[in-house]
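Note: hydrogens, waters and symmetry copies are ignored here, and every other heavy atom, side chains too, is used.
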Amino acid sequence: MKGINYAKSAFDVRYSSTVESTPGRATVSMSADAADVKILYTMDGSEPNTGSILYTKPVNLWRTTTLKAATFKAGKRVGKTVTQVINLD
């Protein structure tokens, strides 16, 4: 049985954000092309690590936030850290 070889970019997190009709609110979704990876993220601008928040559903924001996310597999980072600043001011 052969494994699947992904391009390195398949492990990078992609963001999709929607500004809500209520002023000062946004929803951010995250995804990666690679299968069987976990997306871990921070909301304070720090680097994500194995103790960071596990992405399971879109994140609701109500203030300007710096999101940093990376993919992990078996406790090891496999993708680069991707930063998204959501400005709600």
Inset, instruction - For I39 and A32, work out which heavy atoms get closest and say how close. - result: CD1-N, 4.1 Å
Inset, instruction - Walk me through it: do V59 and Y41 pass the test side-chain contact (heavy atoms from CB on, under 4.5 Å)? - result: CA-CA 10 Å; V59 179; Y41 69 97; 3.4 Å; yes
Inset, instruction - State, to 0.1 Å, how close D44 and S46 come at their nearest heavy-atom pair, and which atoms those are. - result: OD1-OG, 2.6 Å
Inset, instruction - Could you check S31, S29, P48 and say which one makes a side chain to side chain contact (heavy atoms under 4.5 Å, CB included) with Y55? - result: S29
Legend entry - Where L88 and G24 come nearest, the two heavy atoms and their spacing: CD1-O, 3.6 Å
Inset, instruction - Could you tell me whether the side chain of K68 and the main chain of G45 form a donor-acceptor pair under 3.5 Å? - result: yes
Inset, instruction - Identify the heavy atoms of V28 and Y15 that sit nearest to each other, and give their distance. - result: CG1-CD2, 3.7 Å
Inset, instruction - Treat each ILVMFWY residue as a node, draw an edge where side-chain heavy atoms are under 4.5 Å apart, and state whether I86 and M30 are in one component. - result: yes
Inset, instruction - Look up atom CG in L40 and atom CD1 in I53, then write down how far apart they are to the nearest 0.5 Å. - result: 9.5 Å
Inset, instruction - Apply the side chain to side chain contact (heavy atoms under 4.5 Å, CB included) test between V13 and each candidate in T71, L67, T81; give the one that qualifies. - result: T71
Inset, instruction - Say whether L54 and V37 are linked into one hydrophobic cluster, either directly or through other cluster members, by side-chain heavy-atom distances under 4.5 angstrom. - result: no
Inset, instruction - Report, as yes or no, whether the 6.0 Å neighbourhood of atom CG on D36 holds more than 12 heavy atoms from other residues, nucleotides or ligands. - result: no
Inset, instruction - Mind listing the closest non-hydrogen atom pair of A35 and K73 along with its distance? - result: O-NZ, 4.4 Å
Legend entry - Close side-chain approach of R14 to D33, heavy-atom, < 4.5 Å: yes
Inset, instruction - Take L61 and M43, measure what side-chain contact (heavy atoms from CB on, under 4.5 Å) needs, and give me the verdict at the end. - result: CA-CA 10 Å; L61 302 175; M43 297 174 60; 3.5 Å; yes
Inset, instruction - Determine the minimum heavy-atom distance between T50 and G75, stating which atoms define it. - result: CG2-O, 3.4 Å
